[in-house]
Number of protein chains: 2
Amino acid sequence: MSPVECIFQEFIDAIQTATSEDEFERVATRLAQRLGFQRFAYLRLTGETPMLISSYPKSWTSRYFQLGYQQLDPVVRRARAERALFSWGGEASTLAGNREQRRFFDEATTFGIRSGITVPIRGGFGRMAAFTLATGDRDLHPERLVADGEDLIRLVGLHFHCYVAARLDVLSASTRVASELTQRERQCLAWIARGKTIADIAVLVQIAPRTVGFHLDNARAKLGAASLPQCVAEALRRGLLS
Amino acid sequence: MSPVECIFQEFIDAIQTATSEDEFERVATRLAQRLGFQRFAYLRLTGETPMLISSYPKSWTSRYFQLGYQQLDPVVRRARAERALFSWGGEASTLAGNREQRRFFDEATTFGIRSGITVPIRGGFGRMAAFTLATGDRDLHPERLVADGEDLIRLVGLHFHCYVAARLDVLSASTRVASELTQRERQCLAWIARGKTIADIAVLVQIAPRTVGFHLDNARAKLGAASLPQCVAEALRRGLLS
DNA sequence: TAATCGCCTGTCAAATTTTACAGGTACCTC
DNA sequence: GAGGTACCTGTAAAATTTGACAGGCGATTA
């Protein structure tokens with residue numbers, strides 16, 4: 001068995017024992033470095049709240065989200081559009097794209113991110129994710145990987161995604177705080193989550209039916225939900241309701 | 001989106017709501033038939049105990065393992081050796097191989113398995129798996145698939161493997177609560193929790209609107225919910241949805 | 001004082017869900 | 001062959017929600 005397969009095997013074993021974001025990060029970091037990359041990043045875009053597990057410098061990732069770079073980032077855009085694994089960076093990136101995107105690449109370079117390989121992942125229900133191995137080298141050295149290393153990287157990305165989805169998402173539901181809803185909005189929504197209709201709630205809360213509707217309209221708008229069921233789901237996921 | 005991509009997308013959605021061997025089987029069976037194949041099989045050889053999820057006739061699969069055909073089966077042998085997706089069967093198979101293998105193919109034919117496409121999957125050292133789409137037709141009709149259909153089938157195989165590994169193996173290890181909903185019920189409910197209407201879901205899941213309603217009716221009844229919002233809330237609270 | 005926010009209320013049409021029926025296939029187990 | 005399960009489909013009326021308006025009250029704060 002080739003060294004690369006050995007590394008891959010260790011990764012598969014390890015990922016099955018990870019139970020927290022930290023641990024997933026450590027496992028993937030180890031894999032990336034063993035394959036000759038300095039960094040890795042797993043980014044998932046699910047509606048409003050992106051999820052990132054990576055070994056990128058914190059100074060870079062916080063800046064990234066603060067400036068909404070996930071909209072701009074050519075790698076993310078490409079991952080959205082394509083299905084196959086692709087590599088990026090090197091000379092090509094400093095020339096391609098619009099001015100903003102070139103500046104983005106310049107900036108990333110100062111944080112030690114110059115080129116990499118990205119696995120686009122379709123998450124189902126409209127979600128998408130991308131698993132990236134990155135390096136500060138000017139160009140990728142494919143000889144790092146054996147002939148079918150690409151296949152392995154693809155598998156790594158999928159495994160990472162699947163295990164994060166299977167393990168982490170279940171836990172994170174209970175660890176949220178911020179209450180973005182007003183008390184009335186929460187109150188009405190809580191009743192909706194218990195199967196009451198607007199007319200019921202009007203009686204229970206002692207306000208006009210339309211007012212109940214008003215609060216629910218606001219709650220839906222605030223949580224970016226198209227329907228009450230979605231609104232309830234979002235509120236529960238964010239810990240705004242129990 | 002092309003019909004094939006549509007089918008693929010539905011598969012990705014569905015597989016994430018599968019939580020048992022049965023449900024994985026159903027999801028893959030549906031995919032296979034929509035792509036014009038009669039059967040599918042996912043075989044994993046991990047040391048002593050092979051794992052099979054398939055829609056092959058039970059009479060065939062039990063015979064297969066009883067006689068240790070996994071040692072003989074040319075498709076499995078090839079899947080072990082190769083990494084790229086390959087197709088098999090048709091005239092070639094009745095002529096190639098030794099006498100035993102030709103008899104094996106004959107026997108398979110009597111169970112309605114004549115040709116197919118197989119995705120070899122490497123779990124690393126020692127571990128291997130194969131995802132197969134099979135048909136009773138003498139030869140494969142590639143026109144069934146669009147240009148990059150092969151790529152999609154590869155992804156299907158990988159996804160199937162990863163989700164079985166992530167969900168099923170983890171589940172059996174950590175004794176999770178039995179889901180009170182069927183896979184279809186969960187799938188429709190998951191879309192509701194994402195703001196889709198019944199009409200939307202009918203398109204997404206490729207079934208009649210009334211059938212979506214039917215599944216949602218059942219889900220509501222099972223969870224004792226008076227409305228969809230309550231149903232979503234209950235499912236989330238019980239960890240049936242994420 | 002003006003602006004903002006949470007809160008309250010209204011109308012009306014259009015879209016969507018809910019209820020209550022009735023039936024079908026396929027597969028597996030007993 | 002009977003019984004069970006998952007799955008699929010239909011009709012049609014009743015109930016409920018959503019969308020798009022428009023307006024008022026009281027408290028806090030810049």
Side-chain angles (χ1 to χ4, degrees), chain A residues 179-189 191-232, chain B residues 10 14 17-34 38-40 53-62 111-112 178-189 191-193 195-203 205-232:
Chain A
S179 173
E180 308 158 33
L181 299 180
T182 70
Q183 182 273 325
R184 278 310 217 200
E185 285 158 5
R186 238 174 300 133
Q187 187 177 9
C188 293
L189 200 54
W191 277 124
I192 286 289
R194 281 168 178 74
K196 302 300 182 189
T197 68
I198 287 179
D200 294 339
I201 300 171
V203 175
L204 288 163
V205 182
Q206 308 254 44
I207 53 180
R210 188 57 194 92
T211 306
V212 177
F214 172 79
H215 290 308
L216 293 173
D217 288 345
N218 289 336
R220 273 188 299 127
K222 284 183 183 174
L223 299 186
S227 65
L228 280 182
Q230 186 181 13
C231 192
V232 166
Chain B
E10 196 274 331
T17 58
T19 59
S20 73
E21 214 166 302
D22 256 12
E23 292 174 356
F24 277 105
E25 180 185 326
R26 249 180 260 282
V27 168
T29 301
R30 200 160 55 224
L31 173 90
Q33 290 180 348
R34 284 189 178 166
Q38 276 107 54
R39 311 278 189 180
F40 95 96
I53 300 179
S54 84
S55 58
Y56 284 175
K58 294 284 170 288
S59 45
W60 169 234
T61 57
S62 57
F111 287 97
S179 172
E180 305 157 42
L181 299 180
T182 70
Q183 182 270 325
R184 274 312 214 201
E185 285 157 6
R186 266 197 306 282
Q187 187 177 11
C188 292
L189 201 55
W191 276 123
I192 286 289
K196 302 299 182 189
T197 67
I198 289 179
D200 292 339
I201 299 171
V203 176
V205 181
Q206 310 217 58
I207 53 182
R210 186 60 194 92
T211 306
V212 177
F214 172 79
H215 290 307
L216 293 173
D217 289 346
N218 290 336
R220 271 188 301 126
K222 284 184 182 173
L223 299 186
S227 65
L228 279 182
Q230 187 182 11
C231 191
V232 166

Subject >> Short side-chain N/O contact to D/dA6 OP1/OP2 from B/Arg26, under 4.0 Å >> reply: no
Subject >> Shortest side-chain distance from B/Ser227, nucleotide among D/dT18, C/dC7, C/dT18 >> reply: C/dT18
Original post:
NA contact type, A/Thr211, heavy-atom cut-off 4.0 Å: base, sugar-phosphate, or nothing?
Top reply: base
**OP:** Check the distance between C/dT18's P and B/Gln230's CD and give it to me in whole angstrom.
**Re:** 11 Å
Original post:
What integer distance in Å separates B/Asp200:CG from C/dT17:P?
Top reply: 8 Å
**OP:** Kindly say whether B/Arg30 contributes a backbone atom to a donor-acceptor pair with the side chain of B/Gln33 at under 3.5 angstrom?
**Re:** no
**OP:** Would you kindly give the CD-to-P distance between B/Gln33 and C/dT25, to the nearest whole Å?
**Re:** 16 Å
Subject >> Single hit among B/Arg184, B/Gln183, B/Arg186 for side-chain hydrogen bond (donor to acceptor under 3.5 Å, both in side chains) with B/Glu23 >> reply: B/Arg186
**OP:** Could you grab the distance from atom SG of A/Cys231 to atom CG of A/Leu216, nearest 0.5 Å is fine?
**Re:** 7.5 Å
Original post:
Does B/Arg220 place a side-chain N or O at less than 4.0 Å from the phosphate oxygens OP1/OP2 of C/dT17?
Top reply: no
Original post:
With sugar-phosphate meaning primed atoms plus P, OP1 and OP2, does B/Leu216 contact a base, only sugar-phosphate, or nothing at under 4.0 Å between heavy atoms?
Top reply: nothing
Original post:
On DNA chain C, nearest-nucleotide positions of B/Pro229 versus A/Arg210: which is more 5'?
Top reply: A/Arg210
**OP:** Starting from P on D/dA6, measure out to CD on B/Gln187 and report it in whole angstrom.
**Re:** 15 Å
Subject >> Whole-Å gap separating P (C/dG6) and CZ (A/Phe214) >> reply: 10 Å
**OP:** Look only at the side chain of B/Arg39 and the backbone of B/Ser55, and say whether a donor-acceptor pair between them is shorter than 3.5 Å.
**Re:** yes
**OP:** Measure from the side chain of A/His215, starting at C-beta and using heavy atoms only, and say which of C/dC7, C/dT16, D/dT18 lies closest.
**Re:** C/dC7
Subject >> Minimum-distance nucleotide to B/Ile207 side chain [options: D/dC8, C/dT17, C/dT9] >> reply: D/dC8
Original post:
Please give, in whole Å, the distance from C/dT17 P to B/Ile201 CD1?
Top reply: 8 Å
**OP:** Could you work out which one of D/dT9, D/dC7, C/dC7 sits closest to the side chain of B/Ala208?
**Re:** D/dT9
**OP:** Tell me what A/Asp217 touches on the nucleic acid: a base, only sugar-phosphate, or nothing, going by heavy atoms under 4.0 Å.
**Re:** nothing
**OP:** In whole angstrom, give the distance that lies between atom CG of B/Leu228 and atom C1' of C/dT16.
**Re:** 10 Å
**OP:** Sort out for me which residue in A/Thr211, A/Ile198, A/Val212 forms a side-chain contact (heavy atoms from CB on, under 4.5 Å) with A/Cys188.
**Re:** A/Val212
Original post:
For B/Glu25 and C/dC28, what is the distance between atoms CD and P respectively, to the nearest whole Å?
Top reply: 8 Å
